Amino acid sequence: MPLHKLRNIGIAAHIDAGKTTVTERILFYTGVTRKLGEVHDGQATTDFMKQEQERGITIASAAISCFWKDAHINLIDTPGHVDFTVEVERSLRVIDGMIALFCAVGGVEPQSETVWNQADRYRVPRIAFINKMDRTGADFYDVVNQMNQVLDANAVVIQIPMGAEDEFEGIIDVIEGIAYRFDDKGRIETPVPEQYKDKLAEARAQLLEKLADFSDEVAELFLEDREVSNELLKRAAREATLRLNITPVLCGAAYKNKGVQLLLDAVIDYLPSPLDIGAVIGTDINNPEKSNVRHPSANDPFSALAFKLINDPFVGQQTFVRVYSGLLKSGMQVLNSTKDKHERIGRIMKIHAKNREEVSEAGPGDIVALIGLKLTKTGDTLCDPAHPLHLESITVPATVIEMKISPASRKDQSKLGEALHKLTNEDPSFNVRYDEETEETIIAGMGELHLEIIIDRLKHEFGVEVDVSEPSVAYRETITTEREASYRYSKQTGGRGQFAETHFRIEPNEGNGYEFVDRIKGGAIPTEFVPSVNKGIAKTLEKGVLAGFPIVDVRIVLHDGKFHPVDSSDMAFQTCASICFKEGFMKAHPILLEPIMKVEINTPDDYIGDITGNLNKRRGRVESMRRHRKGSQKVVAFVPLVEMFGYATALRNISSGRASFSMDFFQYMPLSKSVQEEVLKKLAEKKAAMKK
């Protein structure tokens, strides 16, 4: 298959906009499935996890290959729930183009904005599909306006609907000037009805005007009032889409099988092939300032990015990779440049949701699953050992919620450990740590639903019943002032002793994480022991000092120390640095940081006062209120996560079930002194109770 005929695309949107239904229709019309699977009856092809089928939502992104006309499409269906945003993030990192889906009733909803911003970050060209045109309250033109006002999408209508709600009867192609109606067999071309001719003329004029801004050819003909051919219009629209100048807008009702074939045509016409995206740029392993370029060609050295891991009960771990250049063959040895380790390629699979097809090789643009990789994780680069490089990795958001878990039966302890290890490999936004002081396993994730799904998977996939505590907030610790710290560690035992001395400055490092600076002069600490100091401090950061939470945003400047030619060792300097850091940290006015959530609420006007009043009680700060749709508003506020537990029930009560909300992690911010004292007091009481 020539590269210009390949499309790697994703479908992304707010929860319940119809992503999986659109995917099912695409699979049906491209011949991958013989029967239409539905989300509501748990039969969707891409929702193959038990938890997805029970809840009717997408949790894990699913990769599927299909063919339309003479093109090959790799399609990734992604989740819409904010708790699984890392699934969208890693999919957007490897796709070339995106279908942004919007509900004709809901319009631009909170998660639509999150997904749109993620796509902007990776500069992914996209087309928009306004779905559910047959639903009561559907308003195509209002959604287009919202796209421009809220997303700055430069939305350009290339299809207009014939009717809406119960009277939605078909679609008019603005460029071709053809109307389409739909029946069980597919689409039927018809002349444009008389009552829509003015709408079509207006939409075509707007399209011409918009494309004239980005195409000299169109501009020249437009200004001279000459006819612009359909071929030129389509070519100009494609070029403007690939440069992210415009977003072509289509419409339909996927559940009623209306508009999906036209959407597939648009994927081929307007979204990029790997050749359109061009070369990928990585960094040289030995010189981070230098760039290495890989073209989408089988003749360039091999390079690929691992973007997802799945544990399959039949074949074991599958590592999904996107190949950018060169050829990948079974049995070949490649370099994992992220870990500087070699991996041997076992089997190569093309994936059709839960079905697999084994292939002997994969080339540029291919998205495949590899069986047999031992070390590779999400975000790792695989490359030709003779031509190493690093590709841009994947952004993983910080966890914000924690829960203590333990096996219901002690005999399942090791089974639980193995299951959690597999789940952390699969999902980089899920973390596990063991608190030695309380002898508890603590899991951390992106939200309550995220951890709920993990618990469910432990039970049904791995056969481990667990006892869980109430979810708690994942606080962080940091400092507010600069302090000097010094410590001498000296221990004499029967044989060789332990000796180390460190002097360093501990400084706030807001927003920049942990930084270690070596300013040792004259060999006060031998070169081989400087990394030991760093390691000792880094280990202490994980467990915290003030209240046992991870420490962030500190800078250590190591400037002096002493050693003993016989008694000094790696472990002595690690221990000394750890104790020195703890003492310095407590002198530097430590504080707790709490996760703040960006909360977006869509509510009828009647409840706006009660909702903002309730947010204020929750220590929230209302950022903005804007008209969402007629008779409703969107409220954006920043609220501490700890205050958001149980908010779904509270909002339902306040608004009689008519308001909806979503929340996304915003940033960590300092607790007020009074709240911090309260939190520390509760933690101390909990620890005391456990010791009894």
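All heavy atoms count here, side chains included; hydrogens, waters and symmetry mates do not. All of these numbers come straight from a predicted model, not from anything done at the bench.
- Of the charged side-chain nitrogens involved, none lies within less than 4.0 Å of a carboxylate oxygen, so that Asp366 and Arg322 do not count as a salt-bridged pair.
- Electrostatic pairing of Asp300 and Arg294 does not count as a salt bridge here, judged by no charged N lying under 4.0 Å from a carboxylate O.
- For the pair Asp269 and Arg7, the salt-bridge criterion is not met [side-chain N within less than 4.0 Å of a carboxylate O].
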Discussion item. Run Lys210 and Asn154 through side-chain hydrogen bond (donor to acceptor under 3.5 Å, both in side chains) and show every step you take.
Written reply: CA-CA 9 Å; Lys210 188 70 75 174; Asn154 210 356; 2.8 Å; yes

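- The aromatic rings of Phe102 and Trp116 sit tilted relative to each other, their planes meeting at an angle between 30° and 60°.
- By the 4.5 Å heavy-atom criterion applied to side chains, Pro274 and Leu6 are counted as neighbours.
- With contacts defined as side-chain heavy-atom distances shorter than 4.5 Å, the pair Trp68/Asp265 qualifies.
- A salt bridge does not link Glu231 with Lys234: every distance from a Lys NZ or Arg NE/NH1/NH2 to an Asp or Glu carboxylate oxygen is 4.0 Å or more.
- Inter-residue side-chain proximity for Val321 and Leu305 is flagged as unmet; no heavy-atom pair is nearer than 4.5 Å.
- Salt bridge status for Glu600 with Lys598: present, with a side-chain N to carboxylate O gap under 4.0 Å.
- The closest side-chain donor-acceptor pair between Asp142 and Gln146 falls under 3.5 angstrom.
- In this structure a side-chain-to-backbone donor-acceptor pair under 3.5 Å is missing from Asn74 to Ile9.
- For the side-chain contact (heavy atoms from CB on, under 4.5 Å) with Val249, the qualifying choice from Val156, Ile130, Val143, Ile127 is Ile130, the only one to do so.
- Contact check on Arg204 versus Asp173 returns no salt bridge, with no Lys/Arg side-chain nitrogen under 4.0 Å from an Asp/Glu carboxylate oxygen.
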